[in-house]
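Below: one structure, written as structure tokens.
Just so it is clear, the model here is predicted, and its values are computed rather than measured.
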Amino acid sequence: MEPKKKDIRALTKDELRNFFMDKGDKAFRGNQVYEWLWNKGAHTFADMTNVSKATRKMLGDNFVINHIEVDHMQKSADGTIKNAVRLHDGLVVESVLIPTASRTTACVSSQVGCSLDCKFCATARLKRMRNLNPDEIFDQVVSIDKQSKLYFDRPLSNIVFMGMGEPLMNYNNVLKAIDKITSPEGLGMSPRRITVSTSGVPKMIKKMADDKVKFKLAVSLHSAIDEVRTEIMPFNETFPLNDLREALQYWYAQTKNLITYEYVIWEGINDTKKDVEALIQFCKFAPSKVNLIEYNPIDDDHFKQAGSQAIEMYRSMLEQYHITATVRRSRGKDIDAACGQLANKT
Ligand code: SF4
């Protein structure tokens, strides 16, 4: 049986340069090929027109170029686009393009399924199959950038890691993908336009701070009371709020970057004054702002979006304490593309 060929995009630039030198060629050939792979979006070795035919054949004998396929695309009435993205091994994840008047945001997945078990999230119902490779994350961004140009006549402006999976549970690959997205040899996007959203893994938040990452951090908080948070996000038992708070204080001390808390208010779960007071206390530990997000039902009677009175109570109490709170309306609800709804239903 022919040995399985390696995906060439798993190689770093130095590894590619070394490969060519080992073959008796010049190292700069590695730079050329690297540029084709990460900047010019080559899908086949035949695309690499400034590389000799013999070299292209040699590359084809040794490697493959795995790439994603957008299997299915759905458009929402509000312009949001949801993609079912097929990976090279047949597994499927979802990515979303969210257009507003001033920006186009890509919401990308970092894992196939998720190992965490947030009770309000549709992805949690899918078993975690595997982590995405850096090129699979990168390709989601490239494909959404193309859609943004095609349908909205402008390039992608922002990226959020809020699709399927917990990005900090696939930390190395997420970082490698962001490196390609931000590098001038890749897409050249500013890291300040990228937000990594986590359910709150304290050890990894500290690691990000130590790694001096330049992107923004968002935390799906949803409650600042341990008993309530554990009920809706059971892993909170392992990573309680005290540990999370300590990690976030460390993050701010190291990076001086403001933290965004993502927060959904559910009827009968976290809609009392006591819940807001706990959130205000939590926000005091490090400079932060709060996004109050509209909930998207996932066929579960337990979770119901709280009424406008509760949202207004949160907003005005936070304001009294000078904590910026923004109410975020949901996008793409009609196609199950909104936050927490991604579940490969297409
Ligand atoms: S909210 Fe995020 S971390 Fe929680 S189960 Fe869903 S995908 Fe995983």
Point to revise | Spatial distance of atom SG (C121) from atom CE (M164) [nearest 0.5 Å] | key: 8.5 Å
Revision key, fill the gap. The reported gap from CD1 in I159 to CD1 in I144 (rounded to nearest 0.5 angstrom) is 8.5 Å
Would you check if there is a donor-acceptor pair between the side chains of [Y] and [X] at a distance under 3.5 Å?
| X | Y | value |
| --- | --- | --- |
| N170 | Q111 | no |
| T80 | D78 | yes |
| R154 | T104 | yes |
| E166 | S115 | no |

Backbone N/O of [Y] and side chain of [X]: donor-acceptor pair under 3.5 Å:
| X | Y | result |
| --- | --- | --- |
| T182 | I178 | yes |
| D47 | T44 | yes |
| W251 | N257 | yes |
| Y295 | F120 | yes |
| S109 | E94 | yes |
| D22 | F19 | no |
| K40 | L37 | no |

Before accepting this row, confirm whether a basic side-chain N of the pair [X]/[Y] lies closer than 4.0 Å to the acidic partner's carboxylate O.
| X | Y | answer |
| --- | --- | --- |
| K207 | D211 | yes |
| R229 | D275 | no |
| R130 | E136 | yes |
| K176 | D135 | no |
| K180 | E185 | no |

Review point. Given N83, which of Q147, Q140, H72 fulfils the side chain to side chain donor-acceptor pair (under 3.5 Å) condition?
Key: Q147
Please determine whether the number of non-hydrogen atoms from other residues, nucleotides or ligands lying under 6.0 Å from atom [atom1] of [X] exceeds 12.
| X | atom1 | result |
| --- | --- | --- |
| R103 | CZ | no |
| F285 | CZ | yes |
| M21 | CE | yes |
| D153 | CG | no |
| E312 | CD | yes |
| R193 | CZ | no |

Practice item. Flag yes if V64 and L59 sit in one hydrophobic cluster, no otherwise; membership is Ile, Leu, Val, Met, Phe, Trp, Tyr, and two members link when side-chain heavy atoms are under 4.5 Å apart. Key: no
Check your understanding: Shortest non-hydrogen contact from N66 to D139?
Key -> O-OD2, 4.3 Å
Exercise for review: Output, in order, the C-alpha distance, side-chain angles, deciding distance and verdict of salt bridge (Lys or Arg N to Asp or Glu O under 4.0 Å) for D210 and K206.
Suggested key: CA-CA 6 Å; D210 287 337; K206 284 186 178 168; over 6 Å; no
Point to revise | Close side-chain approach of P155 and S148, heavy atoms under 4.5 Å | key: no
Point to revise | Check: H222 ring centre within less than 6.0 Å of W266 ring centre | key: yes
